[in-house]
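Here the structure comes first, spelled out in structure tokens, and everything after it is commentary.
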Amino acid sequence: MPALAQERLYTIDDIYALPDGKRAELIDGQIFYMAPPSTKHQRIVSFLHLEIGNHIRSNGGACEVFPAPFAVFLYADDSKYLEPDLSVICDKSKLDEHGCKGAPDWVIEIVSPGSRAMDYYTKLSLYREAGVREYWIVDPIKQTILVYDMEHAAAPAIYFFSDTIKANIYDNLEINFSKIQL
């Protein structure tokens, strides 16, 4: 009987060895390559980055917001390396020159055609397990925002691009999605 082919397990060294401009995420030894984002995707990321960053600055907040590409190592063993579209980190001790070591407080993913299952299922599970307090899934095709308040174990809330959404990790941050210029 012939031997079965051994599946290759990748490491963080393989991520660092990727050619310039090539992006991928690492989950339990598997590499998931990422397609370049669309213009609509980038408009949403830019809008949210500005809204969140301006709120933090105008309120003297301690948190920082980082747009992709920004490395998030969910666990110390480097087995889960992700690049969320937006990461809000409030614990400065998690930040070093390589990115974030541990769970961000708030993660926002913008769904692309190739990332649908990853954003809705795989990353939801990973972020919940790692201790992310709040997770938003922004779906430009459906024009919906799914908000998971994982800190309070609340049921997910569904919003639309015409809604104003309150961020759960802040007392006074509301984002009016109808202001996005798509």
Side-chain angles (χ1 to χ4, degrees), residues 10 12 14-28 30-57 63-74 80-89 98-100 103-128 130 132-150 156-169 173-182:
Y10 294 90
I12 196 64
D14 296 303
I15 293 289
Y16 288 139
L18 290 173
D20 284 347
K22 190 83 163 169
R23 291 179 50 218
E25 295 176 311
L26 177 70
I27 301 171
D28 298 330
Q30 298 301 305
I31 286 185
F32 298 89
Y33 292 97
M34 300 164 68
S38 69
T39 300
K40 183 183 286 190
H41 182 282
Q42 289 304 94
R43 282 186 179 129
I44 295 168
V45 169
S46 293
F47 171 79
L48 291 170
H49 182 234
L50 285 169
E51 291 289 305
I52 297 165
N54 287 338
H55 175 80
I56 292 169
R57 185 176 320 114
C63 304
E64 288 186 69
V65 59
F66 296 92
F70 180 73
V72 171
F73 301 86
L74 287 179
K80 293 170 180 65
Y81 166 90
L82 302 174
E83 291 185 7
D85 288 311
L86 286 164
S87 303
V88 177
I89 296 115
H98 298 291
C100 178
D105 293 88
W106 182 12
V107 170
I108 301 174
E109 294 284 6
I110 316 304
V111 178
S112 301
S115 73
R116 187 165 296 285
M118 180 72 82
D119 293 337
Y120 276 101
Y121 303 107
T122 306
K123 288 185 178 181
L124 170 62
S125 176
L126 291 172
Y127 293 145
R128 179 179 280 135
V132 169
R133 295 166 54 198
E134 185 164 355
Y135 178 42
W136 288 18
I137 303 172
V138 179
D139 193 325
I141 293 170
K142 294 181 179 179
Q143 295 215 333
T144 59
I145 303 96
L146 210 52
V147 174
Y148 290 87
D149 179 1
M150 296 192 269
I158 301 171
Y159 297 94
F160 298 93
F161 276 35
S162 57
D163 292 332
T164 297
I165 305 170
K166 184 190 176 307
N168 294 299
I169 71 163
L173 172 58
E174 293 184 340
I175 298 174
N176 183 348
F177 268 77
S178 68
K179 291 184 178 179
I180 294 178
Q181 302 292 318
L182 298 176

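These numbers come from the heavy atoms of this one structure, side chains and all, not from hydrogens, waters or symmetry mates.
- Shown here for V72 and P84, the closest heavy-atom pair between the two residues is CG2-CD, 3.6 Å.
- Closest approach of C63 and I56 over heavy atoms only: O-CG2, 3.1 Å.
- Taken from CE in M118 to CG in L124, the straight-line distance is 13.0 Å, to the nearest 0.5 Å.
- Between Y135 and M150 there is a side-chain heavy-atom pair separated by less than 4.5 Å.
- Taking the side chain as every heavy atom from C-beta outward, E51 and L173 never approach each other to under 4.5 Å.
- A side chain to side chain donor-acceptor pair (under 3.5 Å) with Y127 is found for one member of R133, E109, E134 and no other, namely E109.
- The minimum heavy-atom distance between P140 and K40, with the atom names listed, is CB-CD, 3.7 Å.
- Contact annotation: the side chain of D85 never approaches that of I108 to less than 4.5 Å [non-hydrogen atoms, C-beta and beyond].
- D119 approaches V111 most closely through the heavy-atom pair OD2-CA, 3.4 Å.
- Taking a 6.0 Å sphere around NZ of K166, one finds it holds more than 12 heavy atoms contributed by other residues, nucleotides or ligands.
- Proximity of R23 to L18: side-chain heavy atoms (C-beta onward) are nowhere separated by under 4.5 Å.
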Between side-chain atoms of residues 174-182 and protein atoms elsewhere (two or more places apart, or another chain), which donor-acceptor pairs fall under 3.5 Å?
residue	atom	partner	partner atom	Å
N176	OD1	S178	N	3.0
N176	OD1	S178	OG	2.5
N176	ND2	S178	OG	3.4

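- No more than 12 heavy atoms of other residues, nucleotides or ligands shown are found within 6.0 angstrom of CD1 on I158.
- Checking each of L82, L74, V65, V88 against P104 for a side chain to side chain contact (heavy atoms under 4.5 Å, CB included) leaves exactly one that passes, namely L74.
- If you take CZ on F160 and CD1 on I165, they are separated by 10.0 Å, rounding to the nearest 0.5 Å.
- Side-chain contact check for V147 versus I145: some heavy-atom pair is nearer than 4.5 Å.
- Considering every non-hydrogen atom in both A24 and Y81, the closest pair reads O-CE2, 3.4 Å.
- Taking the six-membered ring where tryptophan is involved, the planes of W106 and W136 are perpendicular, since the angle between them exceeds 60° and thus also 30°.
- Taking CZ of F70 as the start and CG of L86 as the end, the distance is 11.5 Å to the nearest 0.5 Å.
- The number of heavy atoms from other shown groups lying within 6.0 Å of OH (Y121) does not exceed 12.
- Using a 4.5 Å heavy-atom threshold, the side chains of I137 and Y148 count as touching.
- Annotation: cation-pi geometry not satisfied between K123 and F32 (NZ/CZ under 6.0 angstrom from ring centroid, within 45° of ring axis).
- Shown here are the disulfide bond (SG atoms under 2.5 Å apart) partners of C100, two or more places apart in sequence or in another chain: there are none.
- To the nearest 0.5 angstrom, E25 atom CD is 11.0 Å from I31 atom CD1.
- Smallest separation of non-hydrogen atoms from I110 and S115: O-OG, 4.1 Å.
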